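Worksheet: one structure, shown below.
Every chain is numbered from 1 and lettered A, B, ... according to where its sequence line falls, protein lines coming before strand lines. Please read these numbers as outputs of a predicted model, since none were measured by experiment.
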2 protein chains.
Amino acid sequence: MGTDSVLKLDNQLCFAVYACAREITKLYHPLLKEIGLTYTQYIAMLALWEKDRITVKQLGQRLYLDSGTLTPLLKKLEQTGLLTRVRDKQDERSVIIALTERGTALKDKARAIPEQLFCQAGVSSGEAEALRAQITEMLKKVQQNPSQ
Amino acid sequence: MGTDSVLKLDNQLCFAVYACAREITKLYHPLLKEIGLTYTQYIAMLALWEKDRITVKQLGQRLYLDSGTLTPLLKKLEQTGLLTRVRDKQDERSVIIALTERGTALKDKARAIPEQLFCQAGVSSGEAEALRAQITEMLKKVQQNPSQ
DNA sequence: CCCATAAAGATTGTATACAATTTAATTTAT
DNA sequence: ATAAATTAAATTGTATACAATCTTTATGGG
């Protein structure tokens, strides 16, 4: 085996995924700026547009993010007026996230984004879907603590 | 088409890549802790073990990172004694990064990491390589400014 | 030669990420 | 029922990321 092929950057799956994630995020930046969201905020809104009135914990499980990241992010979205954060009466440990009217309405503006992005990235939706499926499978394997 | 399939989180390639990158990073954490590196520092060292005495600019192109991220990271690795940062005599705008003896020696300790990670992740090296190749291709398409 | 541009790093400001800890509420086991 | 364990958020501290700006140095016309 050549000296150190296992340590070559170009052989690292991790690096490819890591670099790709950041480059895609950069691509989103100008589009998201128009609707006033950061990338992570957009991901959170995507989850909430599908299903809101969920706890921080549940949102975190969906996004693979913990309260350390979500608490400040959700406070910001609350300040912007896109959602509310209210303690659950049934279980005061939990905080329930609900979209406001404005938060729900923002979905209309977001609808054009995926299409614009595909064009920009020059990736066909077919190959994107195939790749997404594989990466998702990998994500599930790699997931450290699925119960989290 | 169902209400909003384009905005569904599970249909987003970007989210799969983004979440996967973070989960893989978490997997590395305990292994890298043993050799005293963070994930990004490890990536930087991988590049430098392959080729050092390069400028910050060149390292940034290799890693898809800019000086805003690299400057503090490299200062830290300099403090740790793994590398040196010296202005290029030929072009005082550039800073040349060179590994110290300790920096070069650390490679020996790092050699075991990729193997350990594959076992932990439960991914065969064959499928990892196939996926890596696809993501790398995608990375190149998505790259905004290759000249950068 | 001299100025306008460009290039490379460094800096600033904002927004993540996440480990580790803390606080408050709830469950569980005794 | 109550102390111990668990759980959910929030907080703290550290380390990225990156856009935007600034500083210094180099380059290229005129």
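Of all heavy-atom pairs spanning B:Pro114 and A:Leu7, the tightest one is CG-CD2, 3.8 Å. When all heavy atoms of B:Ala47 and A:Leu9 are compared, the closest pair comes out as CB-CD2, 4.0 Å.
Across all strands shown, A:Thr69 has heavy atoms under 4.0 Å from base atoms, whether or not it also approaches the sugar-phosphate. Nucleic acid contact class of A:Ser67 (heavy atoms, under 4.0 Å, all strands): base. B:Leu70 comes within contact range of no nucleotide atom at all, as no heavy-atom separation falls under 4.0 Å. Using a 4.0 Å heavy-atom cutoff across all strands shown, A:Thr55 reaches sugar-phosphate atoms only and no base atom.
Counting only heavy atoms from C-beta on, B:Val56 has its side chain closest to C:dG9 among C:dG9, C:dA17, C:dA25. Set against D:dT11, D:dC18, C:dA17, the side chain of A:Arg22 has D:dC18 as its closest nucleotide. With D:dA19, D:dA17, C:dA8 as the candidates, the nucleotide lying closest to the side chain of B:Asp66 is D:dA19. The side chain of B:Leu65 lies closest to D:dC18, out of C:dT11, D:dC18, C:dT16. Candidate nucleotides D:dT16, D:dA10, C:dA8 were compared by shortest atom distance to the side chain of B:Ser94, and C:dA8 ranks first. In this structure, of D:dA9, C:dA25, D:dA17, it is C:dA25 that holds the atom nearest to the side chain of A:Asp91. Checking D:dA10, C:dA15, D:dA19 against the side-chain heavy atoms of A:Lys76 singles out C:dA15 as nearest.
Mapping A:Gly68 and A:Gln90 onto DNA chain C via the closest heavy atom, the residue that lands nearer the 5' end is A:Gly68. Mapping A:Thr25 and A:Thr71 onto DNA chain D via the closest heavy atom, the residue that lands nearer the 5' end is A:Thr71.
Atoms CZ (B:Arg93) and C1' (C:dA8) sit 6 Å apart, rounded to a whole Å. The distance from atom CD of A:Glu92 to atom C1' of D:dT7 is 14 Å, rounded to the nearest whole Å. When the P atom of D:dA9 is taken as reference, atom CD1 of A:Ile97 falls 8 Å away, rounded to whole Å. Look at OH on A:Tyr42: it is 15 Å from P on C:dT16, rounded to the nearest Å. Rounded to an integer number of Å, the gap from B:Lys89 NZ to D:dT24 C1' is 15 Å. Look at NZ on A:Lys26: it is 13 Å from P on D:dA20, rounded to the nearest Å. Taking atom CZ of residue A:Arg87 and atom P of nucleotide D:dA8, one finds them 12 Å apart after rounding to whole Å. The separation between B:Lys33 atom NZ and D:dA15 atom C1' is 14 Å, rounded to whole Å.
The side-chain heavy atoms of A:Val95 and A:Thr71, taken from C-beta on, include no pair separated by under 4.5 Å. Contact check for A:Glu50 versus A:Arg62: side-chain heavy atoms found under the 4.5 Å cut-off.
The side chain of B:Gln41 contributes an N or O atom lying less than 4.0 Å from OP1 or OP2 of D:dT16. In this structure, A:Thr40 reaches the C:dT16 phosphate: one of its side-chain N or O atoms is under 4.0 Å from OP1 or OP2. Side-chain N/O atoms of A:Tyr18 include one lying less than 4.0 angstrom from OP1 or OP2 on D:dA17. OP1 or OP2 of C:dT11 has at least one side-chain nitrogen or oxygen of B:Lys75 nearer than 4.0 Å. Applying the 4.0 Å criterion to OP1 and OP2 of C:dT16, one finds that A:Thr38 has a side-chain N or O inside that range.
The number of heavy atoms from other shown groups lying within 6.0 Å of CD (B:Glu78) is above 12.
The CE atom of B:Met138 sits 4.5 Å away from the CG atom of B:Leu13 when rounded to the nearest 0.5 Å.
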